[in-house]
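Just so we're on the same page: letters track the sequence lines, and every chain starts at 1. What you are looking at is a predicted structure, and each value in this text was computed from that prediction instead of being measured.
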Amino acid sequence: MTYISIISIFLGIFLIDYPGLKKDKDLNEKIVYGILFSVGLAYALLINSGLVKNSLPYLVLQAVSFFRGIKIPPAFH
Amino acid sequence: MEGKYPVSSRQVLALIAMFILGTSLLFSLGQELGRHSWLGIITGFIAFLFLFWLYYFLLKLEPGKSLFGLNEQAFGRGLGTVINLWYLIYFFVLLSVVVGNFVDFINSVILIQTPEILLTIFLTLTAAYAVKKGLESIARLSEIMVFCVFTTAIVVTLLLFDKIDTTNFWPLWPQNWALVLRSGFSILTFPFGETVIFLSIFYQLGGPQKVSKGFFWGSVVGVFVLLVIALRNIAVLGEFVKFSTYPAYDSVRLINIARFITRAEVVISLNYMFAGYVKATTVYYSLCLGLKEIFRLKTYQHLVLPIAALVILNAHLSFSTNVQNVFFAFEVYPFFAIIFQLILILATLIMLLIKKQLGRRRPTI
Amino acid sequence: MKKFNLLLMATLLLATSCYDRREINHLEIVAGIGFDLSNDNQIEVSFQILNAGALGKNASGGLEPYWILQSKGKTTFDAIRKATYTSPNKLFFSHNQVIIISEDLAKQGIRGIMDLWLRDEEPREDTKMTICEGKAIDILKTKLPHGLIPAYEIVNMIEASIVAAYAPIITPIDHRRLTAANIPCTVFGKIVKTSETELEYKGGALVKDDKLVDYLTETETRGYLWLKCKIKDGLIIAKTKDSNIVITLEIIRAKSGFKPVLTKNGQLTFRARADITGRLGEFEDSKSIVDPTAWPGFIEALQETVKEEMRAAIAKATYNNLDFLGLNDSVRKYLPKTFKQLASSWEEIMPLIPFTFEINIQIIGVGMVKKSF
């Protein structure tokens, strides 16, 4: 059920943007859009399947804690 | 590009002030200092004046160029793009955290039973709408809202007059100056240093002279409101500010004039939401603008919604309670943000100055 | 298209966020809460709940305007949630006016109640709190001769106590503020049931950390209120030494408090001070009051009364290190350096620190009669 709603939300986004993209002749734009769109979709699906649990702020947290040598409190997991 | 958007100097001021107030209205800055949090804010602001001077210098050096353009000019196309992408990551993290904070606030004091993801979706989508409409609409909104926030801060402070206990400020000077400096550092990076984001927008707003005037007075208005709120919280709540999750909200809850004027916290939380909205929208806007510039796109309009999806997911996953948020804001965020707010800016400036010197000397040889 | 959009937006405005609305007749509005300790050491909560059907203009006759519900549980929150076992609807706490905690429970500790009150977003932090002798449910069950809802009348009584100034007014946020400032003891107001239809709010209850340790007498409470600058109104009753005349001064303005100071030879002293402006309220003497030679005697007698009250509170505060006056905190505030030196041996030193008093009383009126009969 959640998968279906995720896919339909992304489909909705795509349908909203499609007319504008078609009008535009710029190839760069389509590539960037495609990358962002597929990353978003893949990320959503991965989160839903439980394979990915981390967000970008959390990665930053890990990196900075590593460089500063501090422990991440267990509440973050 | 200049003069494309008819944004007045006053709107720049409002935008900056609202941006600084954004999430910092929610949390009391320098909470770890307790009754000396005002000292932390002043320390942070003084340090920010140096940053401001740096930003001003950069604006004057190359008027009409954005932060991303400057990076490319300073480091060349390849390295410049890498640095710009890092900036985009910073903007993205900041945006996710801002949205996450607001959802956390709404979810813990106003709409408790609403699922968090729904709030995230609607907050991000309204921001996305404003970003699609462009900077002008954000600036106009903030012009109205800064007035509201300013007046509310003053009026609420006046309404709390009977709860104010000035002895809470004593002793005036802290024992632990190291903590004040440390706290000042984290206040420098949040919220003052975050204005680095405006470097990527300013070139659309007019000449450096006009913009930096708005920039300066906007940050003065911001710090003034922050100080009023911090002093009021200390005077009303005393040492309890250290323990409260949302001290400003807590102190406003205490307003009770003859059992008639009570429950003013609803007004306050509306204010918070507008300030946070302006902040989220500004960051969002500059994120889209950055993508547009790095990849040499004609327009960013189509990128808004896919970014919204990513922001929603990241904000939803970021932090589940305020305790984690405080840890992030104090222990992690400053060290991450200072790279973008100071070190990279300084590097760009030095590179630009060197290039300029070389360029000037070359014809004479 | 534009018109359609406008219409859509208008409909959206009309249909906003009503999905978890709570209608008033599906809520049980709590007016007062009492906390007791049950026989098996659990927390017993009694709620005084408004009976919406019996209030208002076209109320059906014969119904009581309020009803009382009781429940118990392992923690405060548990007890409150278990109230839904017997209550037809969910309880609503935003309009709760007063918290009454029984002696037995207060002796066990009230930390759970305080924490819940500040952590949860529904109850207000500025609810009035009192500690009662006996059972809290008995206080809530008292049928006061006036007013519809006893809880509201209790609050009025607490607020009116400022006129007589014989009891402090404390709310959860006040308590938390004091404990956050490391003041070990908080003085709560005390409520006592004197008969079936009568309650009395006077005196104080000392709560150390979160446990009730002692009660304050009226004089001690008054001394506490003087030293904390909480007396704005009320009377001072004094008897002159030589002629045994009783004078009653009605306070118009008062400013009082204490401050630690270092004397020239480095001795830490507390300087208690009160500036009182008042009117003569009652005077039993046949002599003419306008006789100026008698005035110094009256003022001296009044000063002595205030001093006595202050001394009583100080004696209580320094005895057993109860320190409900915040002596410790005041030294930390105003003399941080001295505090650092004394911090380790504070408990032994505290009872030895001398107090000096400076009481200024100004009589600005004699009322509407010049001469007593």
Evaluate the side-chain proximity of [Y] to [X]: yes if any heavy-atom separation is below 4.5 Å, no if none is.
X        : Y        : value
B:Phe295 : A:Ile35  : no
B:Thr299 : A:Glu29  : yes
A:Tyr58  : B:Leu317 : no

Under 4.5 Å heavy-atom distance to chain B, tell me which part of [X] shows up: side chain, backbone, both or neither.
X       : value
A:Ile16 : side chain
A:Phe67 : neither
A:Leu56 : both

(request) Look up atom CG in B:Leu305 and atom OH in A:Tyr33, then write down how far apart they are to the nearest 0.5 Å. (result)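 Atom-to-atom, B:Leu305:CG and A:Tyr33:OH are 7.0 Å apart.
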(message) Surrounding OH of A:Tyr18 (heavy atoms of other residues, nucleotides or ligands, distance under 6.0 Å), is the total greater than 12?
(response) no
(request) Please list, chain by chain and in numerical order, all residues satisfying side-chain contact (heavy atoms from CB on, under 4.5 Å) with B:Asn84, sequence neighbours excluded. (result) B:Phe68, B:Asn71, B:Glu72, B:Ile294
(message) Under the side chain to side chain contact (heavy atoms under 4.5 Å, CB included) test against B:Leu313, which residue among A:Ile6, A:Asn48, A:Ile47 passes?
(response)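 The option that passes is A:Ile47.
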(message) If you count heavy-atom pairs within less than 4.5 Å of chain A, which of B:Ile312, B:Leu310, B:Asn314, B:Leu297 leads?
(response) B:Asn314
(request) Name all residues meeting the ring-ring contact (aromatic ring centres under 6.0 Å, His included) criterion together with B:Phe19; count only those two or more places apart in sequence or in a different chain, and write none if there are none. (result) B:Phe198
(message) Suppose a student defines contact as a heavy atom less than 4.5 Å from any heavy atom of chain A. Which residues in residues 87-100 of chain B would they list?
(response) B:Ile89, B:Phe92, B:Val93, B:Ser96, B:Val97
(message) Non-hydrogen contacts under 4.5 angstrom with chain A: give the residues of residues 331-338 of chain B involved, or none if there are none.
(response) B:Glu331, B:Val332, B:Phe335, B:Phe336
(message) Which one wins on heavy-atom pair count under 4.5 Å against chain B: A:Gly40, A:Ala44, A:Pro57?
(response) A:Pro57
